[in-house]
Amino acid sequence: MGQISHSLTHARVFGQSIRVMPPTKIYAELSDTINLPNVSLNSSAALSIRSLFAVNLVGTRVSSPHQILFIIIFPLKDLQGKRSKMESFCKFKIWVLFFCMISELGHGFYLPGSYPHKYGIGDPLNVKVNSLTSIETEMPFSYYSLPFCRPKEGVKDSAENLGEFLMGDRIENSPYKFKMYTNETEVFLCQTKPLSGEEFKLLKKRIDETYQVNLILDNLPAIRYTRKEGLYLRWTGYPVGVKLQDVYYVFNHLKFNVVINEYQETNVARVMGTGDGAEVIPTVGKSGSEAPGYMVVGFEVVPCSIQHSADSVKNLKMYDKYPSPIKCDPSSVAMPIKENEPIVFSYEVSFVQRDIKWPSRWDAYLKMEGAKVHWFSILNSLLVITFLAAIVFVILLRTVKRDLTRYEELDKEAQAQMNEELSGWKLVVADVFRAPSNPGLLCVMVGDGVQILGMAIVTIMFAALGFMSPASRGTLITGMLFFYMILGIAAGYVAVRMWRTLFCGDKKGWVSVSWKVACFFPGIAFLILTFLNFLLWGSHSTGAIPFSIFVILILLWFCISVPLTLVGGYFGAKAPHIEYPVRTNQIPREIPPQKYPSWLLVLGAGTLPFGTLFIELFFIMSSLWMGRVYYVFGFLFIVLILLVVVCAEVSLVLTYMHLCVEDWKWWWKSFFASGSVAIYIFLYSVNYLIFDLKSLSGPVSATLYLGYSLFMVTAIMLATGAVGFLSSFWFVHYLFSSVKLD
């Protein structure tokens with residue numbers, strides 16, 4: 001990291017002292033170095049450079065020498081346009097900016113939307129609560145659905161974005177309050193009312209279903225460490241209670257360990273000055289003029305079950321000190337829950353200072369074991385791609401090229417004689433572009449597939465770059481919705497242009513096709529999610545999408561997604577349709593009988609794309625259903641690109657095989673050759689439900705799991721099918737455009 005020190009003439013960057021020169025000298029030295037045009041700088045121009053220099057440096061975190069160069073060069077834009085030589089300098093600046101951006105990717109940066117919060121000693125720290133979760137039911141419930149203590153000021157919602165609601169997160173305030181660097185013990189929280197029969201049964205049910213309490217401090221989830229067979233295991237949250245020998249115990253005392261570190265200023269400087277002098281001033285006062293600050297870099301919790309005396313807390317108020325010492329022993333339990341008896345809650349907090357940097361505070365949550373397994377998955381995918389690429393190479397450069405060469409060297413009479421003897425793809429030349437059955441549906445599914453695939457690529461790319469981190473809950477889902485709506489333009493364009501191609505340029509009906517594209521997949525998603533939402537509403541789960549959010553989603557659908565799809569359809573209608581290289585006969589050619597059903601090959605083709613992603617699929621499923629954090633989006637992005645390549649190759653090879661046996665009905669088969677991978681993913685989901693989610697209890701939970709899996713595989717089928725169809729269409733068009741015809 002670079003730090004610009006408090007000095008009039010020098011700045012300290014990467015431990016080396018560099019001069020901070022007046023603007024005129026900066027420009028003069030740069031002119032000598034990179035041949036800038038000879039421009040005379042008057043006082044106003046120098047002031048302009050200085051003001052621009054100040055504006056561009058404020059709020060900038062200097063992390064490499066490239067950035068210093070960029071900061072110095074970039075503000076000179078106001079001086080351009082005076083000489084024709086400046087055009088080359090503009091190009092140079094663009095390349096400098098490009099290389100600076102590339103070089104910065106290798107340096108650490110703060111997670112977007114997550115910056116250090118400086119706390120002084122004694123400043124309040126407020127703990128928030130999230131939904132109760134369980135891997136046995138997959139249905140989240142509100143924290144305050146159980147008889148827990150409520151804050152004095154009342155329960156307030158702290159949701160920040162649409163994605164949090166869709167993920168089932170319900171972040172609310174809590175009665176747990178700390179003071180920075182102030183240890184507290186035996187803090188009385190509250191005594192609940194005597195448990196009613198319904199509350200007693202509900203509490204026992206949540207304990208049986210192993211529900212976890214999720215707390216949040218300074219955007220960090222509470223983490224719990226347990227030791228098993230000499231190994232330390234990490235868990236987010238803590239269980240509501242435990243059942244031992246048919247007796248239910250509740251964890252009513254929490255021991256918090258807040259890990260802090262001294263607040264470190266980010267490398268931000270402010271440049272000010274008058275005349276030819278420039279002064280570098282730190283952003284936070286003068287050295288030693290402020291009290292030290294701290295930032296939260298860890299949040300740990302140890303749950304305990306303590307037998308409190310109900311009589312001793314009658315006169316206590318919230319946050320008073322408990323009259324007797326409390327010893328928190330997580331290995332023993334002592335507070336059984338009984339009907340018509342209250343529960344006393346208490347807590348203690350201690351602050352521990354550790355040398356953990358702010359950007360590293362999420363390391364405890366993001367540690368993804370098995371990096372070698374991810375690399376093995378990628379290597380396995382590369383082997384499959386190499387194998388398929390070799391087959392494609394043989395088809396294109398040996399078989400096809402050889403046949404075309406022989407065909408083109410013959411005269412017309414010999415060609416006619418040869419046609420009688422030929423077999424294979426050359427005989428279906430007059431039928432290969434015959435419109436398929438249900439052409440409108442095919443265009444709609446391809447358009448939706450392009451939209452879903454584009455959304456997946458852009459979202460995963462941004463997530464791999466760190467813009468959608470777990471530090472910002474719900475941003476991944478929000479980003480997916482945003483990119484999906486924007487890419488409605490691509491869906492409408494592809495669908496309408498393909499529809500016009502199938503109907504030889506007919507422009508009529510493009511509005512209808514665009515509407516179908518805008519409503520096909522969203523309509524399927526709406527039906528599935530509505531059905532699942534009724535199940536969640538009936539269970540009073542926070543996983544149910546609130547009615548207001550449903551209204552917002554419908555408005556986004558019809559007010560943004562549909563118009564953008566219509567805009568894309570309009571451009572698709574204006575674009576020229578793709579001309580077929582050969583004519584189509586009016587009478588279709590009879591397809592000879594096949595030894596094996598062609599659909600058998602199509603269904604079997606999905607095994608190859610599935611083989612490229614099934615290892616990564618295990619980690620994704622574990623993240624979705626086992627409560628683990630998935631953050632290896634770089635691996636996922638590579639696997640996604642490999643999946644696209646494999647789908648294109650598989651569909652291309654299958655299409656060529658069908659044409660070789662004179663089967664000219666390749667349209668739908670090319671779509672489902674790669675789209676059939678969704679069948680294997682759904683079968684894998686069922687396998688995961690049976691063998692990995694053994695503890696999943698109740699038909700409602702299983703229905704939710706299968707419903708969400710069906711929604712997921714539908715999207716995958718459309719995306720992979722679109723890849724297969726478009727690659728096959730290009731291959732067939734290229735193949736038959738190379739054939740000479742009368």
Side-chain angles (χ1 to χ4, degrees), residues 384 388 391-392 395-396 399-400 423-450 452-453 494-495 498-499 501-502 520 578 580-582 584-585 588-612 643-683 713-714 716-736:
V384 174
L388 291 173
I391 297 178
V392 174
I395 292 174
L396 292 178
T399 308
V400 175
S423 63
W425 61 270
K426 296 170 287 296
L427 294 179
V428 296
V429 65
D431 296 274
V432 70
F433 289 107
R434 189 178 302 279
S437 59
N438 300 314
L441 179 61
L442 178 62
C443 295
V444 168
M445 294 176 70
V446 171
D448 277 329
V450 169
I452 295 169
L453 179 65
V494 171
M498 183 56 61
W499 179 80
T501 299
L502 291 175
F520 181 74
I578 302 172
Y580 290 149
V582 294
T584 302
N585 288 341
R589 180 186 180 88
E590 183 180 356
I591 300 175
Q594 310 296 328
K595 293 182 180 180
Y596 304 101
S598 58
W599 285 102
L600 191 62
L601 269 178
V602 170
L603 294 178
T607 56
L608 290 173
F610 178 74
T612 65
L643 175 65
V644 170
V645 175
V646 171
C647 287
E649 292 179 345
V650 164
S651 182
L652 190 149
V653 172
L654 261 291
T655 300
Y656 179 76
M657 292 176 63
H658 283 114
L659 294 179
C660 284
V661 295
E662 303 177 34
D663 185 358
W664 47 267
K665 296 182 178 180
W666 59 271
W667 302 83
W668 281 106
K669 293 170 185 175
S670 66
F671 184 92
F672 287 111
S674 54
S676 60
V677 66
I679 298 175
Y680 298 95
I681 294 177
F682 187 76
L683 293 177
V713 299
T714 302
I716 293 174
M717 181 199 68
L718 293 174
T720 54
V723 172
F725 172 79
L726 293 175
S727 60
S728 292
F729 182 83
W730 169 84
F731 170 72
V732 173
H733 190 279
Y734 170 79
L735 179 62
F736 285 92

Determine whether His658 and Val602 make a side-chain contact, defined as any pair of heavy atoms from C-beta on separated by less than 4.5 Å.
-> yes
Carefully, step by step, assess Val494 and Trp499 under the rule side chain to side chain contact (heavy atoms under 4.5 Å, CB included).
-> CA-CA 8 Å; Val494 171; Trp499 179 80; over 6 Å; no
With a distance cut-off below 6.0 Å to the six-membered ring centre and an angular limit of 45° from the axis, does Arg434 pair with Trp664 as a cation-pi contact?
-> yes
Got a donor-acceptor contact below 3.5 angstrom from the Ser651 side chain to the Ser728 backbone?
-> no
Asp431 side chain to Arg589 main-chain N or O, any donor-acceptor pair under 3.5 Å?
-> yes
Nearest heavy-atom pair of Ser676 and Leu603: which atoms, and what distance?
-> OG-O, 3.8 Å
Met498 versus Leu726: any side-chain heavy-atom pair under 4.5 Å?
-> yes
Decide yes or no on ring pair (Phe, Tyr, Trp, His ring centres under 6.0 Å) for Trp730 and Tyr734, but give the supporting numbers first.
-> CA-CA 6 Å; Trp730 169 84; Tyr734 170 79; 5.6 Å; yes
Trp668 and Phe672 aromatic ring geometry - parallel, tilted or perpendicular at 30°/60° bounds | parallel
Check Phe520 against Val444 and note the closest heavy-atom contact, atom names and distance.
-> CB-CG1, 3.6 Å
Heavy-atom side-chain proximity of Trp666 to Tyr656 below 4.5 angstrom = no
In short, Ser670 meets Phe725 closest at the heavy-atom pair OG-CD1, 3.5 Å
Nearest heavy-atom pair of Thr501 and Tyr580: which atoms, and what distance?
-> O-OH, 3.3 Å
Pair Lys669-Thr655, side-chain donor/acceptor within less than 3.5 Å = no
Tightest non-hydrogen contact, residues Ala719 and Ile452, listed as CB-CG2, 4.1 Å
Nearest heavy-atom neighbours spanning Phe433 and His733 | CZ-CA, 3.8 Å
